[in-house]
Asker: 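A single structure is presented below for examination.
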Amino acid sequence: MSCPVSERSLIIESDDDDDTQSAAAINGNGAGHGHDEEEQYPGSDSDSSSSSSSCATPGRGTSSSPYTTQQWPQSYRQSIDILSSVQSPNLSFLGTPTLSRLSNSFLAVTDSFRSKTPEIISSFVKPLLGPTTSDEQQRHEDARKSSQYLLPSRKPSLQQIPEDQKPLVVAHEVSPYRNCSYIQGVMNGINVLCGVGILSTPYAIKQGGWIGLVILCLFALLAWYTGVLLRHCLDSKEGLETYPDIGHAAFGNTGRIVISIILYVELYACCIEYLILESDNLSKLFPTAHLTIGSLTLNSHVFFAILTTIIVMPTTWLRDLSCLSYISAGGVIASIFVVICLFWVGFASDVGFENKGTALNLPGIPIAIGLYGYCYSGHGVFPNIYSSLKNRNQFPSILFTCIGLSTLLYAGAAVMGYKMFGEATESQFTLNLPDNSVVSKVAVWTTVIRIITYALTIIPLAMSLEELLPPNQLTYPNIIMLRSSLVVSTLLIALSVPFFGLVMALVGSLFAMLVTYILPCACFLAILKTKVGWHQVAACSFIIAVGVCCACVGTYSSLSQIIQNYT
């Protein structure tokens with residue numbers, strides 16, 4: 001599905017400080033962008049029926065909202081949209097004729113950063129090798145041609161164009177509208193939930209026993225309920241679009257900052273997990289690999305962790321992450337494919353499904369809680385998915401469907417993996433797969449290639465830190481240095497704490513419990529305290545109590561076992 005194209009050109013206008021107006025015309029599906037101080041998204045008085053059914057995140061409010069202007073982080077919505085593939089104006093998850101425009105560039109955050117400084121935009125749009133002065137005219141022409149990939153123009157820009165120069169039809173200017181269908185919303189939700197956590201579900205059963213599947217189902221049900229609470233929070237006040245906005249509405253600017261930090265640290269921890277994952281799986285494929293530099297010898301784990309970092313670091317410098325966003329959108333297929341490979345190995349090889357296991361392993365329950373909690377750590381993206389829906393009344397159903405399907409996938413992988421490997425189950429079931437099996441190698445390589453989405457995970461944190469830089473420091477070399485430093489820091493931590501399962505349990509116990517269970521209930525009660533019934537208060541209180549208990553026991557057990565590995 002693609003957006004309808006107007007026969008007329010879309011006029012783009014920009015305002016300078018001296019109120020000088022200039023216009024340029026672009027053809028096709030382009031969208032204009034201006035430089036107004038105040039940001040408003042078009043379409044509040046347009047015929048929504050003229051828009052396509054493509055998937056995009058809308059601008060629900062205007063810059064006059066206290067939740068969307070001058071508040072850090074301003075880049076959260078755009079950067080998380082890239083991570084989750086929600087932002088794509090022509091996204092039809094399984095493919096469309098317009099995949100070349102699958103994703104808005106991460107540079108398309110001009111509206112978000114403009115109120116802070118225009119310099120950050122010019123620093124973003126530079127290519128890896130900056131143009132010379134003689135290239136200024138060509139750069140201007142390229143910017144004009146590439147403007148179709150930027151966020152749409154805002155209503156004030158169109159209003160300031162004379163009536164006789166306005167386009168007759170602006171229906172193709174659709175990216176701020178709610179255009180995700182039911183299926184697209186479900187697929188985006190599954191894509192967010194079904195990540196590397198699925199690899200550790202058999203290990204979770206090993207830790208907690210078969211009774212852990214009850215915990216998995218309970219977490220799934222509570223995650224659905226708290227996701228619906230986030231929807232009520234977003235609808236409670238005009239201008240709320242993201243999780244940090246909800247925190248601001250509930251607890252003021254302090255709540256916004258605290259929730260943002262928690263979300264960004266969670267993403268940072270996921271990047272650490274990626275490097276540990278790559279190191280473990282590549283070492284399985286090439287166990288004898290090593291690197292000797294003088295008297296220093298790097299074993300396969302260290303060597304592949306460093307090699308992976310060197311490979312992914314340039315991807316964090318890219319000015320356009322659309323191709324990576326497309327690969328990320330294939331995460332659901334990759335997860336399903338790996339589970340199919342697991343089943344095939346058990347069915348067609350000598351491994352079989354013979355292990356019985358134990359019903360309950362009480363000492364391992366805290367670790368299992370963290371691993372299962374990690375599986376439902378998508379609530380930081382759910383508000384973006386909700387904002388992108390064409391019919392927002394379908395959100396509870398969409399959420400139930402994507403969580404339900406993800407839970408079936410988790411449970412299927414957990415049962416098969418544990419029945420196949422029993423007490424020998426590793427923290428990633430790919431490490432248990434037979435070395436001599438072609439299917440095993442395919443499964444491991446499918447897991448390995450997902451590292452290409454590392455940049456999508458680290459970019460939201462990087463962009464938020466770039467907002468804090470002084471305007472005169474927002475140069476392209478400084479941005480590269482900042483992002484490279486973040487990547488190197490994840491490498492150092494991954495080498496220091498190379499325990500995939502324990503790190504995942506720690507992240508799931510501490511951050512996932514906060515983001516998925518505790519904070520949605522706390523924000524809901526804070527925002528709608530005068531409108532909620534006693535049963536809602538009781539339900540939220542129960543979930544908060546469960547979340548706090550799980551966070552405490554899971555975090556303590558994870559940290560204890562990590563420390564024990566050093567003693």
Side-chain angles (χ1 to χ4, degrees), residues 128-129 195-196 199-200 203 264-318 324 424-436 440-441 443-459 461-462 465 476-507 558-567:
L128 291 178
L129 296 177
V196 297
L199 301 177
S200 293
Y203 182 70
Y264 286 132
V265 172
E266 184 181 33
L267 290 176
Y268 183 80
C270 289
C271 292
I272 296 171
E273 284 282 79
Y274 277 137
L275 294 182
I276 301 174
L277 176 76
E278 296 300 302
S279 174
D280 291 344
N281 283 275
L282 287 173
S283 296
K284 174 182 174 60
L285 292 171
F286 308 100
T288 60
H290 66 279
L291 178 64
T292 301
I293 305 175
S295 60
L296 177 64
T297 300
L298 304 179
N299 62 30
S300 59
H301 282 82
V302 176
F303 171 70
F304 284 120
I306 295 175
L307 180 62
T308 300
T309 303
I310 294 174
I311 292 173
V312 301
M313 185 178 293
T315 66
T316 66
W317 306 338
L318 294 176
L324 300 184
T425 303
E426 299 279 355
S427 60
Q428 307 152 60
F429 66 71
T430 51
L431 302 181
N432 289 105
L433 297 176
D435 295 332
N436 58 352
S440 298
K441 287 181 169 55
V444 174
W445 276 113
T446 302
T447 302
V448 167
I449 61 175
R450 293 186 67 172
I451 189 61
I452 198 65
T453 61
Y454 175 99
L456 299 176
T457 308
I458 201 70
I459 284 299
L461 172 60
L465 295 178
Y476 194 67
N478 287 346
I479 290 175
I480 288 183
M481 289 178 59
L482 173 61
R483 297 186 179 190
S484 300
S485 299
L486 283 174
V487 175
V488 172
S489 68
T490 61
L491 169 65
L492 296 177
I493 298 176
L495 293 177
S496 302
V497 192
F499 314 117
F500 183 84
L502 295 179
V503 173
M504 179 176 288
L506 177 61
V507 175
S558 302
L559 288 175
S560 298
Q561 293 197 30
I562 290 174
I563 294 173
Q564 287 176 8
N565 280 278
Y566 288 105
T567 58

Asker: Does a side-chain heavy-atom distance below 4.5 Å link Leu199 with Thr447?
Answerer: yes
Asker: List for me each residue that meets ring pair (Phe, Tyr, Trp, His ring centres under 6.0 Å) alongside Phe499, sequence neighbours excluded, and say none if there are none.
Answerer: Tyr566
Asker: Any donor-acceptor pair under 3.5 Å linking the side chain of Ser440 with the backbone of Pro434?
Answerer: yes
Asker: What's the separation between atom OG1 in Thr292 and atom NE2 in His290, rounded to the nearest 0.5 Å?
Answerer: 4.0 Å
Asker: Mind checking what makes side-chain contact (heavy atoms from CB on, under 4.5 Å) contact with Ser485, not counting sequence neighbours?
Answerer: none
Asker: With rounding to the nearest 0.5 angstrom, report the CD1 to OH distance, Ile479 to Tyr476.
Answerer: 8.0 Å
Asker: Would a distance-only check, ignoring hydrogens and angles, find a side-chain to backbone donor-acceptor pair under 3.5 Å from Ser279 to Leu275?
Answerer: no
Asker: Is there a side-chain contact between Thr308 and Tyr454 (heavy atoms, below 4.5 Å)?
Answerer: no
Asker: Do the non-hydrogen side-chain atoms of Phe500 and Leu431 ever get within less than 4.5 Å of each other?
Answerer: no
Asker: Output yes when a side-chain donor or acceptor of Lys441 lies under 3.5 Å from a complementary backbone atom of Asp435, and no otherwise.
Answerer: yes
Asker: Which of parallel (below 30°), tilted (30 to 60°) and perpendicular (above 60°) describes Phe286 and Trp445?
Answerer: perpendicular
Asker: I need the minimum non-hydrogen distance between Leu495 and Ala305, along with the two atoms involved.
Answerer: CD2-CB, 3.7 Å
Asker: Would you list the pairs meeting salt bridge (charged side-chain N to carboxylate O under 4.0 Å, His left out) in which at least one residue belongs to residues 490-500, sequence neighbours left out?
Answerer: none
Asker: Which heavy atom of Val196 sits nearest to which heavy atom of Met504, and what is that distance?
Answerer: O-CE, 3.9 Å
Asker: Tell me whether Lys284 contacts the main-chain N or O of Leu433 through its side chain, where contact means a donor paired with an acceptor under 3.5 Å.
Answerer: yes
Asker: Could you check whether any side-chain heavy atom of Met313 comes within less than 4.5 Å of a side-chain heavy atom of Val488, counting everything from C-beta outward?
Answerer: yes
Asker: From Thr297 OG1 over to Phe303 CZ, what is the distance, rounded to the nearest 0.5 angstrom?
Answerer: 12.5 Å
Asker: Are Leu298 and Leu296 packed together at the side-chain level, in the sense that at least one heavy-atom pair is separated by less than 4.5 angstrom?
Answerer: yes
Asker: Could you state the interatomic distance from CG (Leu282) to CD1 (Ile451), rounded to the nearest 0.5 Å?
Answerer: 9.5 Å
Asker: Main chain of Trp317, side chain of Arg483: is a donor-acceptor contact present, judged purely on distance under 3.5 Å?
Answerer: no
Asker: Among Ile272, Thr309, Leu486, which residue satisfies the side chain to side chain contact (heavy atoms under 4.5 Å, CB included) criterion with Leu491?
Answerer: Thr309
Asker: Listing request: all side-chain hydrogen bond (donor to acceptor under 3.5 Å, both in side chains) pairs with a residue in residues 424-433, at least two apart in sequence or in separate chains.
Answerer: Asp280-Gln428, Asn281-Gln428, Asn281-Thr430
Asker: Drop me the distance from Leu267's CG to Leu456's CG, to the nearest 0.5 angstrom.
Answerer: 11.0 Å
Asker: Could you list all the salt bridge (charged side-chain N to carboxylate O under 4.0 Å, His left out) pairs where at least one residue sits in residues 300-312, not counting sequence neighbours?
Answerer: none
Asker: Do Leu506 and Val503 come close enough that some side-chain heavy atom pair is under 4.5 Å?
Answerer: no
Asker: If I take atom CG from residue Asn299 and atom OG1 from residue Thr288, how far apart are they, to the nearest 0.5 angstrom?
Answerer: 12.0 Å
Asker: List in chain and number order the residues that pass side-chain hydrogen bond (donor to acceptor under 3.5 Å, both in side chains) with Tyr268, two or more places apart in sequence or in another chain; answer none if no residue qualifies.
Answerer: Ser489
Asker: So, for Ser558 and Leu502, which heavy atoms are closest and what is the spacing to 0.1 Å?
Answerer: CB-O, 4.0 Å
Asker: Apply the side chain to side chain contact (heavy atoms under 4.5 Å, CB included) test between Tyr274 and each candidate in Val312, Thr453, Thr490; give the one that qualifies.
Answerer: Thr453
